[in-house]
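Written below as C-alpha coordinates is the structure these notes are about.
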Number of protein chains: 2
Amino acid sequence: MLGSMKLDEIDIRILSALQREGRITKLKLAEKVNLSATPCWERLRRLEKQGVIAGYHATLDLSQLARFTLVLTEISLHRHQQADFKRFEQTMQETDEVLECYATGGGIDYLLKVIARDVDHYQRLIDRLLTLDVGIDRYFTYIVTKPIKESREVPLTALMGKEHLPSEEKLS
Amino acid sequence: MLGSMKLDEIDIRILSALQREGRITKLKLAEKVNLSATPCWERLRRLEKQGVIAGYHATLDLSQLARFTLVLTEISLHRHQQADFKRFEQTMQETDEVLECYATGGGIDYLLKVIARDVDHYQRLIDRLLTLDVGIDRYFTYIVTKPIKESREVPLTALMGKEHLPSEEKLS
DNA sequence: CATGAAAGATCCCGATG
DNA sequence: CATCGGGATCTTTCATG
(Lines give C-alpha, C1' and ligand atoms only; values in the text may rest on other atoms or scores of the structure.)
Protein backbone atom coordinates (compact mmCIF):
# COMPACT_ATOMS: atom_id res chain seq x y z
CA MET A 1 0.00 0.00 0.00
CA LEU A 2 1.18 3.44 -0.83
CA GLY A 3 0.59 6.41 1.35
CA SER A 4 0.21 4.61 4.62
CA MET A 5 2.89 6.93 5.87
CA LYS A 6 4.68 9.98 4.67
CA LEU A 7 8.38 9.81 4.33
CA ASP A 8 10.41 12.94 4.25
CA GLU A 9 13.81 13.51 2.83
CA ILE A 10 15.58 12.31 5.94
CA ASP A 11 13.75 9.01 5.84
CA ILE A 12 14.86 8.59 2.26
CA ARG A 13 18.43 9.25 3.25
CA ILE A 14 18.17 6.66 6.01
CA LEU A 15 16.81 4.09 3.62
CA SER A 16 19.43 4.82 1.03
CA ALA A 17 22.21 4.49 3.53
CA LEU A 18 20.86 1.18 4.76
CA GLN A 19 20.54 -0.18 1.26
CA ARG A 20 24.23 0.44 0.87
CA GLU A 21 25.42 -0.56 4.30
CA GLY A 22 22.98 -2.85 6.00
CA ARG A 23 25.13 -3.25 9.07
CA ILE A 24 26.06 0.35 9.61
CA THR A 25 26.05 1.45 13.20
CA LYS A 26 23.11 3.50 14.36
CA LEU A 27 25.42 6.24 15.44
CA LYS A 28 27.18 6.40 12.10
CA LEU A 29 23.86 6.26 10.37
CA ALA A 30 22.63 9.26 12.31
CA GLU A 31 25.79 11.09 11.45
CA LYS A 32 25.48 10.20 7.78
CA VAL A 33 21.96 11.56 7.53
CA ASN A 34 22.76 14.67 9.56
CA LEU A 35 20.61 13.85 12.51
CA SER A 36 21.30 13.22 16.16
CA ALA A 37 21.14 9.70 17.42
CA THR A 38 17.81 9.61 19.18
CA PRO A 39 15.47 10.89 16.48
CA CYS A 40 17.33 8.90 13.90
CA TRP A 41 16.84 5.80 15.98
CA GLU A 42 13.14 6.54 16.32
CA ARG A 43 12.76 6.93 12.60
CA LEU A 44 14.64 3.73 12.00
CA ARG A 45 12.48 1.81 14.40
CA ARG A 46 9.36 3.17 12.76
CA LEU A 47 10.59 2.22 9.31
CA GLU A 48 11.37 -1.29 10.49
CA LYS A 49 8.12 -1.72 12.35
CA GLN A 50 6.07 -0.57 9.38
CA GLY A 51 7.89 -2.97 7.14
CA VAL A 52 9.29 -0.27 4.89
CA ILE A 53 12.54 -1.95 5.76
CA ALA A 54 11.60 -5.52 4.95
CA GLY A 55 14.78 -7.07 6.28
CA TYR A 56 18.54 -7.23 6.23
CA HIS A 57 20.46 -9.69 4.16
CA ALA A 58 24.04 -10.63 3.50
CA THR A 59 24.93 -10.63 -0.18
CA LEU A 60 27.23 -13.45 -1.19
CA ASP A 61 29.76 -13.63 -3.96
CA LEU A 62 28.52 -16.79 -5.55
CA SER A 63 31.46 -17.07 -7.90
CA GLN A 64 33.60 -17.90 -4.88
CA LEU A 65 31.21 -20.52 -3.64
CA ALA A 66 30.31 -22.91 -6.38
CA ARG A 67 29.90 -23.37 -10.05
CA PHE A 68 26.49 -22.28 -11.11
CA THR A 69 24.46 -21.25 -14.11
CA LEU A 70 21.88 -18.52 -14.35
CA VAL A 71 19.00 -19.07 -16.71
CA LEU A 72 16.22 -16.76 -17.82
CA THR A 73 13.07 -18.59 -18.81
CA GLU A 74 10.02 -17.33 -20.59
CA ILE A 75 6.90 -19.31 -19.81
CA SER A 76 3.40 -19.45 -21.23
CA LEU A 77 0.60 -21.35 -19.60
CA HIS A 78 -2.04 -23.50 -21.28
CA ARG A 79 -4.97 -21.87 -19.67
CA HIS A 80 -5.44 -18.47 -18.16
CA GLN A 81 -7.91 -18.93 -15.35
CA GLN A 82 -7.20 -17.59 -11.90
CA ALA A 83 -6.67 -21.08 -10.56
CA ASP A 84 -4.06 -21.76 -13.24
CA PHE A 85 -2.09 -18.68 -12.37
CA LYS A 86 -2.35 -19.32 -8.69
CA ARG A 87 -1.13 -22.86 -8.97
CA PHE A 88 1.86 -21.90 -11.09
CA GLU A 89 2.80 -19.00 -8.87
CA GLN A 90 2.56 -21.13 -5.79
CA THR A 91 4.98 -23.61 -7.32
CA MET A 92 7.40 -20.82 -8.13
CA GLN A 93 7.33 -19.68 -4.52
CA GLU A 94 8.20 -23.16 -3.40
CA THR A 95 11.01 -23.73 -5.87
CA ASP A 96 14.26 -22.53 -4.35
CA GLU A 97 16.10 -22.41 -7.65
CA VAL A 98 13.64 -19.82 -8.95
CA LEU A 99 15.12 -16.59 -7.67
CA GLU A 100 12.75 -14.23 -9.41
CA CYS A 101 9.45 -14.58 -11.20
CA TYR A 102 7.41 -11.87 -12.91
CA ALA A 103 4.08 -11.94 -14.64
CA THR A 104 4.20 -9.84 -17.78
CA GLY A 105 2.01 -8.50 -20.47
CA GLY A 106 3.07 -9.15 -24.02
CA GLY A 107 3.04 -12.63 -25.41
CA ILE A 108 4.58 -14.57 -22.59
CA ASP A 109 2.99 -15.05 -19.20
CA TYR A 110 6.02 -15.21 -16.93
CA LEU A 111 9.69 -14.59 -16.93
CA LEU A 112 11.89 -16.41 -14.43
CA LYS A 113 15.42 -16.05 -13.23
CA VAL A 114 16.65 -19.48 -12.25
CA ILE A 115 19.91 -20.54 -10.63
CA ALA A 116 21.18 -24.07 -11.06
CA ARG A 117 24.43 -25.95 -10.72
CA ASP A 118 24.61 -26.42 -14.46
CA VAL A 119 22.43 -26.77 -17.51
CA ASP A 120 21.66 -30.35 -16.64
CA HIS A 121 20.37 -29.37 -13.24
CA TYR A 122 18.27 -26.70 -14.89
CA GLN A 123 16.84 -29.11 -17.41
CA ARG A 124 15.88 -31.58 -14.72
CA LEU A 125 14.15 -28.79 -12.89
CA ILE A 126 12.15 -27.86 -15.96
CA ASP A 127 11.33 -31.50 -16.63
CA ARG A 128 10.03 -31.83 -13.12
CA LEU A 129 7.83 -28.78 -13.57
CA LEU A 130 6.49 -30.16 -16.82
CA THR A 131 5.62 -33.54 -15.35
CA LEU A 132 4.23 -31.89 -12.24
CA ASP A 133 1.69 -30.41 -14.60
CA VAL A 134 1.58 -26.89 -13.27
CA GLY A 135 0.09 -25.67 -16.51
CA ILE A 136 3.15 -24.87 -18.60
CA ASP A 137 2.39 -24.72 -22.28
CA ARG A 138 5.63 -23.48 -23.82
CA TYR A 139 8.90 -22.27 -22.42
CA PHE A 140 11.96 -20.65 -23.86
CA THR A 141 15.39 -20.78 -22.28
CA TYR A 142 18.02 -18.08 -22.29
CA ILE A 143 21.28 -19.17 -20.74
CA VAL A 144 23.09 -16.29 -19.06
CA THR A 145 26.54 -16.15 -20.52
CA LYS A 146 27.64 -13.18 -18.45
CA PRO A 147 25.99 -11.38 -15.57
CA ILE A 148 26.63 -7.71 -16.21
CA LYS A 149 24.84 -6.11 -13.29
CA GLU A 150 22.92 -7.30 -10.26
CA SER A 151 22.04 -4.37 -8.08
CA ARG A 152 20.49 -4.67 -4.69
CA GLU A 153 19.89 -0.96 -4.41
CA VAL A 154 16.77 0.69 -5.67
CA PRO A 155 17.38 4.22 -6.99
CA LEU A 156 15.17 5.96 -4.47
CA THR A 157 15.82 9.49 -5.57
CA ALA A 158 15.15 8.68 -9.22
CA LEU A 159 11.87 7.06 -8.23
CA MET A 160 10.63 9.63 -5.77
CA GLY A 161 12.30 12.76 -6.95
CA LYS A 162 9.54 14.36 -8.93
CA GLU A 163 6.28 13.58 -7.27
CA HIS A 164 6.86 12.55 -3.73
CA LEU A 165 9.07 15.18 -2.27
CA PRO A 166 7.07 18.19 -1.19
CA SER A 167 7.27 20.33 -4.25
CA GLU A 168 6.46 24.00 -4.16
CA GLU A 169 3.05 23.62 -2.60
CA LYS A 170 1.97 26.65 -0.67
CA LEU A 171 5.06 28.65 -1.15
CA SER A 172 3.11 31.69 0.01
CA MET B 1 37.33 -17.48 -8.68
CA LEU B 2 36.30 -20.85 -7.46
CA GLY B 3 38.34 -22.94 -5.13
CA SER B 4 40.35 -20.17 -3.59
CA MET B 5 39.16 -21.53 -0.28
CA LYS B 6 37.35 -24.55 0.97
CA LEU B 7 34.14 -24.06 2.79
CA ASP B 8 32.82 -26.75 5.01
CA GLU B 9 29.32 -27.37 6.13
CA ILE B 10 29.55 -24.94 9.02
CA ASP B 11 30.59 -22.13 6.70
CA ILE B 12 27.60 -22.88 4.55
CA ARG B 13 25.35 -22.69 7.57
CA ILE B 14 26.84 -19.36 8.53
CA LEU B 15 26.29 -17.98 5.05
CA SER B 16 22.75 -19.27 4.91
CA ALA B 17 21.91 -17.73 8.24
CA LEU B 18 23.33 -14.38 7.17
CA GLN B 19 21.40 -14.43 3.93
CA ARG B 20 18.27 -14.70 6.00
CA GLU B 21 19.18 -12.39 8.83
CA GLY B 22 21.87 -9.98 7.86
CA ARG B 23 21.86 -8.24 11.21
CA ILE B 24 21.84 -11.27 13.44
CA THR B 25 24.07 -10.97 16.46
CA LYS B 26 27.34 -12.84 16.36
CA LEU B 27 26.38 -14.71 19.48
CA LYS B 28 23.07 -15.82 18.10
CA LEU B 29 24.72 -16.73 14.86
CA ALA B 30 27.18 -18.97 16.67
CA GLU B 31 24.33 -20.56 18.51
CA LYS B 32 22.35 -21.10 15.31
CA VAL B 33 25.21 -22.89 13.60
CA ASN B 34 26.10 -24.94 16.65
CA LEU B 35 29.45 -23.40 17.27
CA SER B 36 30.92 -21.47 20.12
CA ALA B 37 31.35 -17.77 19.74
CA THR B 38 35.05 -17.48 19.09
CA PRO B 39 35.57 -19.89 16.19
CA CYS B 40 32.33 -18.73 14.65
CA TRP B 41 33.57 -15.19 14.79
CA GLU B 42 36.85 -16.20 13.19
CA ARG B 43 35.05 -17.91 10.34
CA LEU B 44 32.82 -14.94 9.85
CA ARG B 45 35.72 -12.58 9.68
CA ARG B 46 37.46 -14.80 7.18
CA LEU B 47 34.37 -14.98 4.99
CA GLU B 48 34.01 -11.23 5.05
CA LYS B 49 37.68 -10.57 4.38
CA GLN B 50 37.74 -12.95 1.44
CA GLY B 51 34.71 -11.28 0.00
CA VAL B 52 32.59 -14.41 0.09
CA ILE B 53 30.26 -12.15 1.99
CA ALA B 54 30.14 -9.26 -0.42
CA GLY B 55 28.14 -6.96 1.83
CA TYR B 56 25.07 -6.37 3.90
CA HIS B 57 22.02 -4.59 2.58
CA ALA B 58 18.63 -3.55 3.83
CA THR B 59 15.79 -4.76 1.64
CA LEU B 60 13.00 -2.24 1.21
CA ASP B 61 9.34 -2.77 0.57
CA LEU B 62 9.05 -0.56 -2.45
CA SER B 63 5.30 -0.80 -2.58
CA GLN B 64 5.20 1.30 0.57
CA LEU B 65 7.51 3.89 -0.85
CA ALA B 66 6.38 5.02 -4.22
CA ARG B 67 4.56 4.09 -7.33
CA PHE B 68 6.86 2.31 -9.69
CA THR B 69 6.88 0.05 -12.70
CA LEU B 70 9.16 -2.87 -13.37
CA VAL B 71 10.08 -3.54 -16.96
CA LEU B 72 11.96 -6.41 -18.55
CA THR B 73 13.72 -5.44 -21.73
CA GLU B 74 15.31 -7.61 -24.37
CA ILE B 75 18.05 -5.86 -26.28
CA SER B 76 20.03 -6.65 -29.40
CA LEU B 77 23.03 -4.64 -30.48
CA HIS B 78 23.95 -3.57 -33.98
CA ARG B 79 27.44 -4.85 -33.92
CA HIS B 80 29.09 -7.52 -31.85
CA GLN B 81 32.64 -6.37 -31.37
CA GLN B 82 34.20 -6.28 -27.94
CA ALA B 83 34.13 -2.52 -27.93
CA ASP B 84 30.40 -2.53 -28.64
CA PHE B 85 29.67 -4.85 -25.75
CA LYS B 86 31.92 -2.97 -23.42
CA ARG B 87 30.34 0.34 -24.21
CA PHE B 88 26.83 -0.93 -23.69
CA GLU B 89 27.70 -2.72 -20.47
CA GLN B 90 29.42 0.33 -19.12
CA THR B 91 26.29 2.36 -19.74
CA MET B 92 24.17 -0.22 -17.94
CA GLN B 93 26.45 0.00 -14.92
CA GLU B 94 25.98 3.73 -14.84
CA THR B 95 22.22 3.72 -15.25
CA ASP B 96 20.58 3.52 -11.85
CA GLU B 97 17.22 2.44 -13.18
CA VAL B 98 18.76 -0.71 -14.61
CA LEU B 99 18.70 -3.05 -11.66
CA GLU B 100 19.88 -6.15 -13.45
CA CYS B 101 21.50 -6.86 -16.78
CA TYR B 102 22.48 -10.21 -18.24
CA ALA B 103 24.17 -11.18 -21.45
CA THR B 104 22.52 -14.23 -22.93
CA GLY B 105 22.90 -16.68 -25.70
CA GLY B 106 19.94 -17.24 -27.94
CA GLY B 107 18.75 -14.50 -30.23
CA ILE B 108 18.90 -11.52 -27.96
CA ASP B 109 22.06 -10.06 -26.57
CA TYR B 110 20.91 -8.73 -23.21
CA LEU B 111 18.02 -8.87 -20.87
CA LEU B 112 17.45 -6.03 -18.42
CA LYS B 113 15.32 -5.51 -15.37
CA VAL B 114 14.48 -1.83 -15.17
CA ILE B 115 12.67 0.10 -12.49
CA ALA B 116 10.94 3.36 -13.35
CA ARG B 117 8.28 5.60 -11.90
CA ASP B 118 5.92 4.72 -14.72
CA VAL B 119 5.91 3.69 -18.33
CA ASP B 120 6.58 7.23 -19.42
CA HIS B 121 9.71 7.40 -17.32
CA TYR B 122 10.78 4.08 -18.77
CA GLN B 123 10.22 5.24 -22.32
CA ARG B 124 12.21 8.38 -21.76
CA LEU B 125 15.02 6.26 -20.40
CA ILE B 126 14.99 4.05 -23.49
CA ASP B 127 14.84 7.09 -25.75
CA ARG B 128 17.85 8.50 -24.04
CA LEU B 129 19.75 5.26 -24.54
CA LEU B 130 18.80 5.23 -28.20
CA THR B 131 19.94 8.77 -28.83
CA LEU B 132 23.05 8.18 -26.76
CA ASP B 133 23.91 5.67 -29.43
CA VAL B 134 25.20 2.87 -27.25
CA GLY B 135 24.71 0.42 -30.06
CA ILE B 136 21.13 -0.72 -29.53
CA ASP B 137 19.65 -2.26 -32.66
CA ARG B 138 16.29 -3.58 -31.46
CA TYR B 139 14.58 -3.82 -28.13
CA PHE B 140 11.47 -5.48 -26.84
CA THR B 141 9.58 -4.37 -23.75
CA TYR B 142 7.76 -6.58 -21.28
CA ILE B 143 5.90 -4.63 -18.65
CA VAL B 144 5.74 -6.47 -15.34
CA THR B 145 2.11 -6.72 -14.39
CA LYS B 146 2.77 -8.59 -11.15
CA PRO B 147 5.97 -9.42 -9.33
CA ILE B 148 5.54 -12.98 -8.12
CA LYS B 149 8.84 -13.62 -6.43
CA GLU B 150 11.98 -11.65 -5.73
CA SER B 151 14.30 -13.71 -3.59
CA ARG B 152 17.48 -12.40 -2.09
CA GLU B 153 18.57 -15.80 -0.91
CA VAL B 154 20.55 -18.14 -3.02
CA PRO B 155 19.72 -21.82 -2.40
CA LEU B 156 23.16 -22.80 -1.18
CA THR B 157 22.41 -26.39 -0.34
CA ALA B 158 20.75 -27.01 -3.69
CA LEU B 159 23.79 -25.56 -5.44
CA MET B 160 26.50 -27.21 -3.41
CA GLY B 161 24.80 -30.30 -2.17
CA LYS B 162 26.03 -32.84 -4.65
CA GLU B 163 29.54 -31.95 -5.56
CA HIS B 164 31.00 -29.70 -2.96
CA LEU B 165 30.31 -31.36 0.31
CA PRO B 166 32.81 -34.08 1.05
CA SER B 167 31.13 -37.08 -0.46
CA GLU B 168 32.16 -40.57 0.44
CA GLU B 169 35.79 -40.14 -0.34
CA LYS B 170 38.03 -42.46 1.59
CA LEU B 171 35.34 -44.15 3.56
CA SER B 172 37.68 -46.60 5.29
C1' DC C 1 37.06 -26.14 18.94
C1' DA C 2 35.19 -24.81 23.95
C1' DT C 3 35.26 -21.85 27.81
C1' DG C 4 35.87 -17.72 30.25
C1' DA C 5 37.08 -13.05 30.94
C1' DA C 6 37.42 -8.18 30.16
C1' DA C 7 37.86 -3.52 27.80
C1' DG C 8 35.46 -0.87 24.64
C1' DA C 9 31.71 0.12 21.53
C1' DT C 10 26.90 0.06 20.66
C1' DC C 11 22.15 -0.13 21.85
C1' DC C 12 17.97 1.30 23.99
C1' DC C 13 15.59 4.33 26.66
C1' DG C 14 14.69 7.51 29.53
C1' DA C 15 14.92 12.96 30.97
C1' DT C 16 15.63 17.67 29.69
C1' DG C 17 15.84 21.92 26.76
C1' DC D 1 14.91 17.90 17.08
C1' DA D 2 19.50 18.19 20.22
C1' DT D 3 22.03 16.79 24.15
C1' DC D 4 23.17 13.95 28.00
C1' DG D 5 23.23 10.07 30.71
C1' DG D 6 23.47 4.98 32.12
C1' DG D 7 22.44 0.07 32.30
C1' DA D 8 22.09 -3.74 29.13
C1' DT D 9 23.98 -5.96 25.35
C1' DC D 10 27.30 -6.82 21.71
C1' DT D 11 32.03 -6.84 19.83
C1' DT D 12 36.62 -8.08 19.72
C1' DT D 13 40.58 -10.04 21.59
C1' DC D 14 43.30 -12.99 24.52
C1' DA D 15 44.41 -16.79 27.59
C1' DT D 16 43.69 -21.60 28.78
C1' DG D 17 42.34 -26.52 28.13
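Only this structure's heavy atoms are used, side chains among them; waters, hydrogens and symmetry mates stay out. A, B, ... follow the sequence lines: proteins, then strands. Residue 1 opens every chain.
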Need two values: the first and the last nucleotide of DNA chain D, 5' to 3', having an atom under 4.0 Å from any heavy-atom of chain B.
D:dC10 to D:dC14
Would you mind checking if B:Arg13 and B:Glu9 are paired as a salt bridge, meaning a charged N to carboxylate O distance below 4.0 Å?
yes
Are any of the side-chain nitrogens in A:Arg79 or A:Asp137 under 4.0 Å away from the carboxylate oxygens of its partner?
no
Below 4.0 angstrom, N of the basic side chain to O of the carboxylate: do B:Asp11 and B:Lys6 qualify?
no
Any ion pair linking A:Glu21 and A:Lys28 (charged N to carboxylate O, less than 4.0 Å)?
no
Before we go on, tell me: are the rings of A:Phe85 and A:His80 under 6.0 Å apart, centre to centre?
yes
Per the under-4.0 Å heavy-atom filter, residues of residues 23-42 of chain A near DNA chain D come out as A:Leu35, A:Ser36, A:Thr38, A:Pro39
Regarding B:Glu89 and A:Lys149, does a basic nitrogen lie under 4.0 Å from an acidic carboxylate oxygen?
no
Across all chains, not counting sequence neighbours, the side chain to side chain contact (heavy atoms under 4.5 Å, CB included) partners of B:Ser76 are B:Ile108, B:Asp109, B:Arg138
